[in-house]
Amino acid sequence: MSNLVSSWSKNVQAVPESYILPEEKRPGDIPVPLCKDIPVVDLARVEGLGRYEVVQTMMKASQDFGIFQVINHGIPEELMNGAMSLCKEFFDMPAEEKAVYYSEDKTKSFRLYTNQFSPKASKVGSSWRDTLHHYSSHPSEEKIQSWPEKPARYREVVGTYAAEVKKLSSRLLDLICEGLGIELGYFGDELTKTQQFVVNHYPPCPDPSLVLGAGGHKDSQILTLLQQEAYGLQIFNDGKWVGVEPIPHAFLIGINDQLEIISNGKLKSALHRAVTNTSTARMSLVNFIGPSPESIIEPAKAVVSESNPKLFKPISSKDYFELYMVAVHGPQGSALELLKL
Ligand SMILES: O=C(O)CCC(=O)C(=O)O
Ligand SMILES: [Fe+2]
C-alpha cells in the first residue's frame, strides 16, 4: 500500500531512482508545444445539416491524429463535475481508507493500484501515477457493489456517469460506421460488450523532466472517452510529441488498436503519454469501450476490397490483449505491428 505514489510523494524533494526514466525516454526540459490542429467536434450539429461535415471531421482527425475532442455531447456538466470531484475526494482520503481497495490481482473487477506497466522486476522508469480501475461487462449492476462506499454518492454518480459515457460511445461509433461505410449497429453488441472506467491520479512531481505519469502507449480497446481538467496529455504526431489542450467539459475521444484493425488501418490508434507537473495533482477520468474477450477482431468486410486488401490478421480480442500487454513496453506501445499481413 505504501507504494502508492500519492502516499509518499508529498514527503520527497527528489525523484526516487526507480522512477527516473532512461535518458532516451525522459520528457526532458524542452517545452512541448500544444497542438492547435486537433479538431473539436460540435455534436450539436449532428442532427442537422452539419452531420456530413461532422462525420468527415471525425474521420480525418482519426486518420491524422487518432484523437479529437467533442463538445455539446449531451453529458451534463454537473455529472462530469460530480464524477471528477468524487474521484478527487477518493484520492484525498487517508492512506488507511484507500488501503482496503488496493490490490495487485489483475482479475479483480475493481481495484486501486500503482504502476501497472512497470513490473516489479524492472528497476527503472516506474509511472508517476496511481490508478483506480473499474471493469465491467454489460449489464453488470452487481459489480457496483465492489466500488467504494466512501465518498458518499460515489457509486451512484460514477454508475450514472459510466452509463452516460456508454451511450455517448454508441453515438460516436454509429457516426464512425457512417464514415467508414459500415452498416449502422456494427458495434452494437459483442464489439462493445466491455467498459472500463479508469481514474488516473498524477501527484505533483519534484522534477517532471525525469519521469512520466504514463509512458508512451496506444490504447488496446475500441474507443477511449477521456475527461480532464489540467494539462498533461501528449500525442506523438508527425515524428514529435505535441501537447493536447484540455477543454473544460469536452471529452477527448481516442481511436484504439482494435478499431484500427476493424477499420483496416483507415483510423489510427494514437501513441500517447502523460507528463506530470510540479504544482498540482492531475486527474484523468478514462473510459475504455471494448469487445467481449471472445470477439474476433478483423477488418470489417465493408472496408476491404480488391484495391484495399486486408492489412491485419484476425485475432480474438483476448489474444490481442495478451500480445498487447507485452508489446506495450516496446517502442510501438502496442501489438498492432505483430498482426500486419
Ligand atoms: O492521463 C491521461 O491523459 C492519459 C491516460 C492514459 O493514456 C490511459 O489511461 O490509457
Ligand atoms: Fe492511454
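Just follow the structure's listing: the first ligand is 1, and inside any ligand the first atom is 1. It should be emphasised that the depicted structure is a prediction, and the values quoted were computed from it without experimental measurement.
Taking a cut-off of under 4.0 Å to the non-hydrogen atoms of R282, the atoms of ligand 1 that pass are 1 (O), 2 (C), 3 (O). Using a 4.0 Å cut-off to heavy atoms of Y202, the atoms of ligand 1 that qualify are 1 (O), 2 (C), 4 (C), 5 (C). Listed by number with element, the atoms of ligand 1 under 4.0 Å from a non-hydrogen atom of H217 are 6 (C), 7 (O), 8 (C), 10 (O).
Donor-acceptor pairing under 3.5 Å is lacking for the side chains of Y324 and D257. Looking at S292 and E190, their side chains do bring a donor and an acceptor atom within 3.5 Å of each other. Under the 3.5 Å distance criterion, with hydrogens and angles disregarded, no donor-acceptor pair is assigned to the side chains of S269 and D219. N3 and Y102 share a donor-acceptor pair across their side chains, judged by distance under 3.5 Å alone.
For ligand 1, none of its N or O atoms has an N or O atom of Q228 under 3.5 Å away.
Only the side chain of L226 comes within contact range of ligand 1, with a heavy atom under 4.0 Å; no backbone atom does. Residue contacts with ligand 1, taken as heavy atom pairs separated by less than 4.0 Å, involve R129 solely via side-chain atoms from C-beta onward. If you look at Y231 next to ligand 1, there are no close heavy atoms at all, none under 4.0 Å. Residue contacts with ligand 1 for A214 are absent, since no atom lies close enough (heavy atoms, distance under 4.0 Å).
Protein N/O/S atoms found under 2.8 Å from the Fe ion (ligand 2), listed by chain and residue number: H217 NE2, D219 OD1, H272 NE2.
Looking at heavy atoms from C-beta onward, L259 lies in side-chain contact with F187 at the 4.5 angstrom threshold.
Ring planes of Y154 and F90: tilted class, angle from 30 to 60°.
The closest approach between a heavy atom of T224 and any atom of ligand 1 is not below 4.0 Å.
Between Y161 and W147, the ring center distance fails the sub-6.0 Å criterion.
Around atom CZ of R171, more than 12 heavy atoms belonging to other residues, nucleotides or ligands sit under 6.0 Å away.
Taking hydrophobic clusters as Ile, Leu, Val, Met, Phe, Trp and Tyr residues chained together by side-chain heavy-atom distances below 4.5 Å, V328 shares a cluster with I255.
Interatomic distance, OH of Y320 versus CD1 of I297, reported as 10.5 Å (0.5 Å rounding).
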